[in-house]
Amino acid sequence: MHIPDGYLSMEVWTATTVAGAAAAGYALRRTRTALAQPQVPAAALAGAFIFAAQMLNFPIAGGTSGHFLGSALAAILFGPWAAAVIMSAVLIIQAVLFHDGGITALGANILCTAIIGSFAGYGVYQAGLRLLKGRLQAAASFAAAWVSIVAASCGVALLLALSGAAPLSAALPAMLGWHALIGIGEGLITMAAAAYLTERRTSLAREGAFA
Amino acid sequence: MNERRPEYKVTGSRRKWAVLAVLTLAAAGLASPWASGRPDGLERVAEDLGFLGREAAVHSFSPMPGYEVAGIPWEAVRTGLAGLIGAVVMAVLLWTALRALARRR
């Protein structure tokens with residue numbers, strides 16, 4: 001789901017470049033406190049894994065393929081701000097070294113996958129854990145990943161419509177439909193990776209610890 | 001909320017992260033040439049809704065466009081090598097940037 005150069009109108013890519021740069025800059029600032037030194041090697045490795053996994057397009061229905069996005073996985077492991085930084089770095093490397101995703105569309109891609117994707121994934125994961133009282137982490141991870149990629153695709157649909165590429169009434173259901181399917185793959189990969197890379201610890205809930 | 005609630009912490013197991021590193025290199029270097037070449041979700045929508053033609057390259061400075069290293073006769077090697085380079089660059093870039101950013105204890 002990388003928007004190439006040309007899809008977005010000049011107004012839209014200018015605005016999203018400014019907004020995307022501001023959001024990425026703010027995410028960098030927040031990462032200063034959100035990420036601790038001992039987490040750095042793991043976060044770097046997770047970013048490399050997300051890059052590699054994104055290369056592996058898997059076929060879905062109707063002659064179409066999808067690929068892993070990773071925003072939800074990064075957010076589950078390192079929180080939404082560090083995830084936004086990791087995903088922005090992936091997008092920058094892809095656009096600059098591999099011509100995957102446009103340069104003028106970089107801000108838009110950062111907003112949709114790095115920002116919307118990370119925060120939607122993080123929100124759903126946390127809400128899911130709370131709802132399920134910490135059980136069934138797999139279900140929370142799957143839902144987080146599915147919502148994250150579908151939300152990112154809605155963002156892309158909105159920008160396409162604003163750019164006059166296609167009316168929202170056509171772009172939104174089309175993007176949503178395909179990414180609801182791709183989201184199943186996203187959910188399965190995220191579920192497996194999050195289960196493998198996290199450890200369950202039973203501790204008093206923070207609110208209750210001193211009550 | 002005076003209840004015991006399980007929490008999930010990122011694993012500190014070196015073995016697990018080593019497994020992820022091996023998986024990363026295998027995905028980028030070995031599996032990537034066999035990825036599906038079908039259009040992805042956005043490309044498919046662009047085809048169906050007739051805006052695929054809007055795509056217009058504005059630069060040609062990417063050293064490995066389309067995830068291929070130029071000048072190698074085998075496609076699988078062109079793609080696999082590009083994947084390996086990308087994965088290593090990703091890890092080094094993030095490690096350097098995050099090490100400069102993250103809080104010290």
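Every value quoted in this text rests on a predicted model; they were computed, and no experiment measured them. Just so it is clear: chains get the letters A, B, ... in the order the sequence lines come, proteins before strands, and each one is counted from 1.
Formation of a donor-acceptor pair under 3.5 Å by the B/Y8 side chain with backbone atoms of A/G134 is found in this model. Remark: side-chain polar atoms of B/R44 are not paired, donor with acceptor, to backbone N or O of A/A174 under 3.5 angstrom. Here the side chain of B/S62 pairs a donor or acceptor atom with the backbone of A/H99 at under 3.5 angstrom. Under a 3.5 Å cut-off, the side chain of B/K9 and the backbone N or O of A/R201 do not form any donor-acceptor pair. In this structure, the side chain of B/R38 does not engage the main chain of A/S65 through any donor-acceptor pair within 3.5 Å. At least one donor-acceptor pair under 3.5 Å links the side chain of A/Q37 to the backbone N or O of B/A102.
Pairing each heavy atom of A/M55 with each of B/S32, the nearest pair is CE-CB, 3.6 Å. Heavy-atom minimum distance, B/V10 versus A/L77: CG2-O, 2.9 Å.
The contact between A/T64 and chain B is made by backbone and side chain atoms together, counting heavy-atom distances below 4.5 Å. For a residue to count as touching a neighbouring chain, one of its non-hydrogen atoms must lie under 4.5 Å from one of that chain's; by this rule A/S163 touches chain B with backbone and side chain alike. At a 4.5 Å heavy-atom cutoff, the contact between A/P4 and chain B is made by side-chain atoms alone.
The residue among A/A34, A/A52, A/A171, A/G47 with the most heavy atom pairs within less than 4.5 Å of chain B is A/A52. Chosen from A/L160, A/V85, A/V156, the residue pairing most often with chain B at heavy-atom distances under 4.5 Å is A/L160. Heavy-atom pairs under 4.5 Å with chain A were tallied for B/L52, B/T79, B/L49, B/L20; the largest tally goes to B/L20. Options B/V19, B/L25, B/L23, B/D48 differ in how many heavy-atom pairs under 4.5 Å they form with chain A, and the most are formed by B/V19. Counting heavy-atom pairs closer than 4.5 Å to chain B, the top residue among A/S153, A/G63, A/A89, A/A170 is A/G63. The greatest number of non-hydrogen atom pairs below 4.5 Å with chain A, out of B/E68, B/M64, B/E47, is found for B/M64. Of the listed residues (A/I92, A/I60, A/T31, A/D100), the greatest number of heavy-atom pairs within a distance under 4.5 Å of chain B belongs to A/D100.
To the nearest 0.5 angstrom, A/Y196 atom OH is 6.5 Å from B/S13 atom OG. Rounded to the nearest 0.5 Å, atoms NE2 (B/H59) and CG (A/D5) are 5.5 Å apart. The CG atom of B/D40 lies 5.0 Å from the NE2 atom of A/H67; values are rounded to the nearest 0.5 Å.
Between A/L56 and B/W34 there is no side-chain heavy-atom pair separated by less than 4.5 Å. The shortest side-chain heavy-atom distance between A/L28 and B/L101 falls under the 4.5 Å cut-off. Put simply, the side chain of A/W178 does not reach to within 4.5 Å of the side chain of B/L42, judged on heavy atoms.
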Name the atoms and distances for all side-chain donor-acceptor pairs under 3.5 Å in residues 87-100 of chain B, with sequence neighbours left out.
{"unit_1": "B/T96", "atom_1": "OG1", "unit_2": "B/V92", "atom_2": "O", "d": "2.6"}

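Between B/F51 and A/Y7, the angle of the ring planes goes over 60°, which puts this pair in the perpendicular group of the 30/60° scheme.
Applying the salt bridge (Lys or Arg N to Asp or Glu O under 4.0 Å) test to residues at least two apart or on different chains, none of the pairs has a partner in residues 25-36 of chain A.
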